Amino acid sequence: MIRQTVFSLCLLVLAGSLCAQERGATPALAATQLLHEAGQLFGEVQELAVALEIARQPPPRDQLLVLVSLLPDKRFELEAVQVKIDGDFAVFHEYSVAEIEALAAGGAHRLLLKHLPPGRHELVARWVGKAHKAKEEEVVREVRWAFRSGETRRVVELALAQGEEQSFPRFSLREWH
Amino acid sequence: MIRQYHLHGSLACLLMWCVVAVITGLSLALPATASSLLDPQIRAVHFDVRLGESLRAMTRLQAARQQGFLDHQARQADLLLGDMLLQQGLDLSAEAVLLRVGEAGGEQADAAWLQLGRLHYRRGEDAAALAAFARIRGPLSGTAQQERLLLEGELLLRSGRLFEAEQRLRTLLEGRKKRSDWVDYGRFNLAVVLFRSGREDEARELLLSLSKQNTKDPVLRTLSDKANLTLAYDRLEAGDIDAATDFFKKGRLSSPVSNTALMGLGRAWAAQEEYKKALVPWLKLSKRDSADPLVQDALLAVPYGFGKLNAYKQALQYYQQALSVFELELERVGKVEGQVNNGDMVRTLATGFSGDDVLEREVLPALPKASGASHLWQLFSTHEFQEMLRSYVRTEQSLKKITDWTSQVKVDDSLPPASRAALLTRAATLETRLTTLSGKLQAHMQSLALQELAQRRKRIQAYTDETRFSIAQIYDYAAKRWGGK
């Protein structure tokens with residue numbers, strides 16, 4: 001009698017406990033609604049972050065955005081990039097190992113976002129680094145670009161690429177439209 | 001009759017274990033060869049992500065898209081944005097963006113449909129997930145294709161479309177010589193499909209191949225344990241107790257399914273009237289965490305075994321021990337109810353998340369340290385509860401963000417006054433709504449925990465009553481047999 005009772009109880013309980021795993025599979029309606037509400041609200045928080053980002057930027061037509069990219073090249077080790085606009089120092093950025101790795105993986109560094117008054121300007125970009133075959137000497141390369149602002153947003157890429165059939169990497173400025 | 005019902009129930013439950021696919025991170029690695037074709041503003045996102053600035057990168061990308069700066073590479077930008085929104089847990093926004101990419105067609109469409117399929121799969125929206133996968137036109141590359149086949153196979157299995165499920169899983173397994181988690185999961189799931197299709201011999205063969213794996217790989221070891229357990233219950237159902245016992249013994253004692261295996265092994269011996277042998281795994285199991293229902297079962301199975309051996313003194317001793325454990329468990333349940341009611345449980349769980357962990361869908365807070373973890377782990381491990389908890393933590397994080405932004409905007413003279421006022425108004429409204437949401441989420445989690453604890457209390461109370469009854473019966477039997485001696 002005792003045995004029968006306990007064994008039956010064991011079996012029923014075990015079956016129940018094994019199948020209990022299935023119970024939580026379908027979220028209750030209330031939970032679904034609550035999670036939906038949460039998802040919407042988090043989306044709105046992010047929209048506020050975007051609105052804040054846009055509010056802090058200069059008006060699009062007065063913007064100059066400068067980005068830096070590179071394709072890995074053993075001949076030249078990038079250390080820093082400097083940008084002057086109309087002869088005035090605008091930015092100097094020294095690259096860390098992690099940043100060089102991110103660039104080498106195809107990333108682009110957002111170096112400068114500047115508000116420029118309408119009119120003619122000149123940008124001078126300067127790459128600073130080491131050329132390994134040139135006895136570790138510091139190498140500086142410069143590119144100049146004249147442009148007008150106030151009409152449209154200007155986006156330029158300072159690219160360091162392995163030039164085809166060239167003895168040295170190619171330093172270039174490319175405007176994106 | 002009861003036994004037969006149970007045995008079917010056990011195997012059926014085990015066959016619910018078609019392995020849940022682990023939806024991992026998203027591929028944000030940009031091939032270097034493609035970089036010069038992409039707008040540098042898109043590549044800047046990759047740069048920031050690699051440096052751990054995902055949120056900033058996503059915000060800038062959204063701002064650029066919103067202002068039309070990337071219209072010339074809209075699909076590429078949106079696919080990346082959709083990925084990032086998913087990573088940041090913003091599923092609703094991600095869905096809208098990815099749908100746009102998918103519907104637009106082109107090279108990016110398949111990747112978008114894959115992401116949408118994963119999103120619906122994770123949310124348990126099976127029909128929508130299958131519909132999204134069906135929109136994929138070409139075969140995807142490498143592991144993406146394996147993942148798609150596994151997920152589709154599982155969804156079709158869940159909806160009872162066994163033939164199609166088998167097709168997908170066989171395609172996944174065909175010609176795969178390299179080890180892959182997806183393929184290993186696929187083998188287990190195919191075994192489940194075959195079991196359910198009534199092709200048990202083929203299913204057993206597959207499970208046996210998993211069972212024989214001699215590896216240190218954690219994924220394979222876990223699959224091997226599950227295969228052994230499934231085979232053990234299958235043999236038990238077929239009445240082949242010796243084979244069942246062998247499979248139970250193959251399982252690791254430290255594996256996640258070891259409690260089930262120990263109980264099953266004891267039952268296999270008991271079915272052979274080998275109660276001395278049955279007592280070994282039951283005694284081992286009875287010494288584990290008594291909050292686990294299987295351990296509570298073992299606490300009753302042990303005196304039952306002794307009773308079968310006519311060792312009534314030991315049976316009585318173990319019933320009394322079980323009674324003490326059950327009474328202690330009732331006290332513990334009461335204590336956990338207190339921790340749930342005063343908010344300690346949610347607070348402890350929330351602080352278990354660190355930093356961006358809340359966005360990692362596979363990361364759970366340190367459950368063993370959380371209040372009531374041993375009583376509520378089954379609840380904590382449900383999708384519903386985890387999503388609630390993540391949302392709660394994110395609500396708190398969002399409130400901190402809003403406070404920071406409000407302070408920044410108030411002192412930012414570069415912002416036009418109208419723009420500043422509009423931002424502050426939006427921030428204040430969101431703060432109020434987030435505070436309300438936080439309260440609702442906490443209340444819902446508490447309610448779920450209290451329901452679970454009430455069920456536990458009821459169950460343990462039933463066990464306690466039954467144990468008292470059995471003790472009384474032993475005393476009664478002894479009195480009748482030996483009188484007052």
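Note that the coordinates shown come from a computational prediction; the quantities given were computed from them, not determined experimentally. Just so we're on the same page: letters track the sequence lines, and every chain starts at 1. Note: hydrogens, waters and symmetry copies are ignored here, and every other heavy atom, side chains too, is used.
None of B:Q66, B:R60, B:R56, B:Q62 except one satisfies the side chain to side chain contact (heavy atoms under 4.5 Å, CB included) rule with A:E53; the exception is B:R60.
Taking 4.5 Å as the limit, some side-chain heavy atom of A:P60 sits within range of a side-chain heavy atom of B:F69. At least one side-chain heavy atom of B:Q408 sits under 4.5 Å from a side-chain heavy atom of A:R56. Side-chain contact check for B:R43 versus A:E157: some heavy-atom pair is nearer than 4.5 Å.
For a residue to count as touching a neighbouring chain, one of its non-hydrogen atoms must lie under 4.5 Å from one of that chain's; by this rule B:A422 does not touch chain A. When heavy atoms are compared at a cutoff of 4.5 Å, A:L48 approaches chain B by way of both its backbone and its side chain. Only the side chain of B:L92 comes within contact range of chain A, with heavy atoms under 4.5 Å apart.
Contact tally against chain A (heavy-atom pairs below 4.5 Å) for B:L448, B:L51, B:T467: the top residue is B:L51. When each of A:V68, A:L52, A:V155 is checked for heavy-atom pairs under 4.5 Å with chain B, A:L52 comes out on top. Interface summary for chain A: among B:Q296, B:M388, B:R420, the most heavy-atom pairs under 4.5 angstrom belong to B:M388. The residue among A:L103, A:L65, A:L34 with the most heavy atom pairs within less than 4.5 Å of chain B is A:L34. Each of B:Q67, B:H72, B:K401 has some count of heavy-atom pairs under 4.5 Å with chain A, and the biggest count is that of B:Q67.
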